[in-house]
Amino acid sequence: MIKATKVTKRFEDPPTQVLHPIDLQINPSEFVSIIGKSGSGKTTLLYILSTLDSPSTGICEIGGINPASLSEEDMHWFRNKNIGYVFQFHYLLPELNVLENVTLPSRKSGDVEQKIPYALELLAEFGLQDKTKRLPSQLSGGEQQRVAIARALIMKPKFIFADEPTGNLDTTNGITVMKLLQRVNKEFGATILLVTHEPDYAAMASRQIFIADGKLSN
Ligand SMILES: Nc1ncnc2c1ncn2[C@@H]1O[C@H](COP(=O)(O)OP(=O)(O)OP(=O)(O)O)[C@@H](O)[C@H]1O
Ligand SMILES: [Mg+2]
């Protein structure tokens, strides 16, 4: 479960109250989208819920853990094991091939070799079985994004956070990525939080939450 209790966020430079007290609960295996205009606070909220940033006030909880209670190192391990991230820009490493990029998160836990069959399985499911040895620069944007999703899945995370994962893609590739997320949610039971400003994509989640000026509504 992901839970936010009276979470606010204020930036000091320049002084901006970006999130007003937010209460939110996302249940295990839910697929929730947060939709709102540019500047409404979507990324800020996703960063806080996904442990990448901390709230100014209020309490967050993910999988029964309050990130504020963990050391930096424990937090790092928690993320690596439990959370998959997909961003608008994929952040694949340019010098690693597709398979190496997908297995990258397992380097930290030292089990790259064991993860290779699963990586190949994911890449095949995503239609990339013939491209496992290519470098990211030798792929289309949609293919790169599918590789990024495979990488987010390699550790079988309980939670997936996606910030505009379709932002860079044409409609066909955008829908492919959304359908992949739907499948991951159904087949793996992963809890997914998707941030988007596209109503059509937001509607593909099982629950939509609207955000305007840092406040939520259903
Ligand atoms: N580090 C920061 N310091 C000051 N203000 C910030 C900072 N980060 C974000 N903001 C402001 O907070 C508000 C919300 O930003 P956020 O990135 O959460 O919006 P968003 O809904 O994700 O927008 P977009 O759809 O354009 O990505 C914006 O007004 C932004 O200018
Ligand atoms: Mg954003």
Side-chain angles (χ1 to χ4, degrees), residues 2-26 30-62 66-68 72 75-76 79 83-92 141-142 144-149 151-152 157 159-178 180-182 184-185 190-218:
I2 300 169
K3 200 172 171 189
T5 310
K6 296 198 176 87
V7 160
T8 71
K9 185 69 178 180
R10 180 181 168 81
F11 292 112
E12 295 306 334
D13 186 22
T16 330
Q17 187 74 31
V18 176
L19 299 179
H20 298 274
I22 283 182
D23 289 299
L24 175 63
Q25 186 173 316
I26 300 173
E30 256 200 302
F31 183 177
V32 171
S33 60
I34 296 186
I35 179 163
K37 288 189 198 150
S38 180
S40 56
K42 303 182 296 297
T43 296
T44 305
L45 180 59
L46 178 131
Y47 267 57
I48 292 174
L49 295 174
S50 69
T51 79
L52 295 175
D53 199 359
S54 45
S56 299
T57 61
I59 298 170
C60 279
E61 195 186 300
I62 178 162
N66 178 348
E72 193 59 36
M75 198 60 250
H76 188 78
R79 274 189 212 117
I83 305 180
Y85 295 96
V86 187
F87 296 110
Q88 177 172 4
F89 299 98
H90 54 69
Y91 302 116
L92 299 175
Q144 290 174 3
Q145 199 57 300
R146 279 180 270 157
V147 175
I149 294 178
R151 184 184 55 185
F159 306 99
I160 295 174
F161 291 91
D163 191 356
E164 304 275 7
T166 55
N168 248 343
L169 304 177
D170 60 28
T171 309
T172 311
N173 277 306
I175 289 171
T176 304
V177 162
M178 284 303 303
L180 275 178
L181 290 174
Q182 282 182 324
V184 166
N185 171 245
T191 305
I192 303 184
L193 182 68
L194 167 88
V195 152
T196 182
H197 59 267
E198 299 261 8
D200 291 348
Y201 293 140
M204 291 175 79
S206 43
R207 174 158 64 112
Q208 297 186 63
I209 295 170
F210 299 88
I211 182 166
D213 299 325
K215 296 185 192 106
L216 300 187
S217 60
N218 292 314

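If you read the sequence from its start, that first residue is 1, and numbering goes on from there. What you see below is based on every heavy atom in this structure, not just the backbone, and it leaves out hydrogens, waters and symmetry mates. In each ligand, atom 1 is the first atom listed, and ligand 1 is the first ligand listed. Keep in mind that this is a model prediction, so the values were computed, not measured.
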*Is there a side-chain contact between D23 and K6, using heavy atoms and a 4.5 Å cut-off?*
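Side-chain contact under 4.5 Å: yes.
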*Roughly how far, to the nearest 0.5 Å, is the CZ atom of F161 from the CD1 atom of I2?*
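Between I2 CD1 and F161 CZ, I get 3.5 Å after rounding to 0.5 Å.
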*Give, for atom CD of Q208 and atom OG of S217, the distance between the pair rounded to the nearest 0.5 Å.*
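It comes to 11.0 Å.
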*Mark yes or no for whether Q17, through its side chain, and L19, through its backbone, hold a donor-acceptor pair below 3.5 Å.*
yes
*Does the K42 side chain pair with the main chain of I34, one donor and one acceptor, at a distance under 3.5 Å?*
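Between the backbone of I34 and the side chain of K42 there is no qualifying donor-acceptor contact (under 3.5 Å).
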*What atoms of ligand 1 come closer than 4.0 angstrom to any heavy atom of D13?*
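So the answer, numbered in order with elements, is 3 (N), 4 (C).
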*Short list, please: which atoms of ligand 1 are under 4.0 Å from a heavy atom of K37?*
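Once the distances to K37 are compared, the set is 21 (O).
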*Any non-hydrogen protein atom less than 4.0 Å away from atom 9 (C) of ligand 1*: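 So atom 9 (C) of ligand 1 has protein heavy-atom neighbours under 4.0 Å.
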What is the nearest protein non-hydrogen atom to [atom], stated with its residue, atom name and distance?
atom: atom 23 (O) of ligand 1; answer: G39 N, 2.8 Å
atom: atom 15 (O) of ligand 1; answer: T44 OG1, 3.7 Å
atom: atom 4 (C) of ligand 1; answer: F11 CB, 3.3 Å

*Cut-off 3.5 Å, side chains only: do T57 and T8 have a donor facing an acceptor?*
yes
*Closest approach of F31 to M204 (non-hydrogen atoms, all atoms of both residues)*: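 Heavy atoms of F31 and M204 come nearest at CE1-O, 4.1 Å.
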*Where does the angle between the aromatic ring planes of F87 and Y85 fall among parallel (under 30°), tilted (30 to 60°) and perpendicular (over 60°)?*
parallel
_Any nitrogen or oxygen of V18, side chain or backbone, less than 3.5 Å from one on ligand 1?_
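Checking ligand 1 against V18, no N or O pair falls under 3.5 Å apart.
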*Of S38, P15, G41, which has the heavy atom at the shortest distance from atom 19 (O) of ligand 1?*
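Considering heavy atoms of S38, P15, G41, the nearest to atom 19 (O) of ligand 1 sits in G41.
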*Option of least heavy-atom distance to atom 25 (O) of ligand 1 (set: K42, E12, R10)*: K42
*asked:* Below 2.8 Å, can you find an N, O or S atom of T43 next to the Mg ion (ligand 2)?
replied: yes
*For ligand 1, is any non-hydrogen atom under 4.0 Å from T43's backbone (N, CA, C, O), its side chain (CB onward), both, or neither?*
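T43 to ligand 1: contacts from backbone and side chain alike.
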*May I ask whether S40 places a heavy atom under 4.0 Å from ligand 1?*
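Yes, S40 has a heavy atom closer than 4.0 Å to ligand 1.
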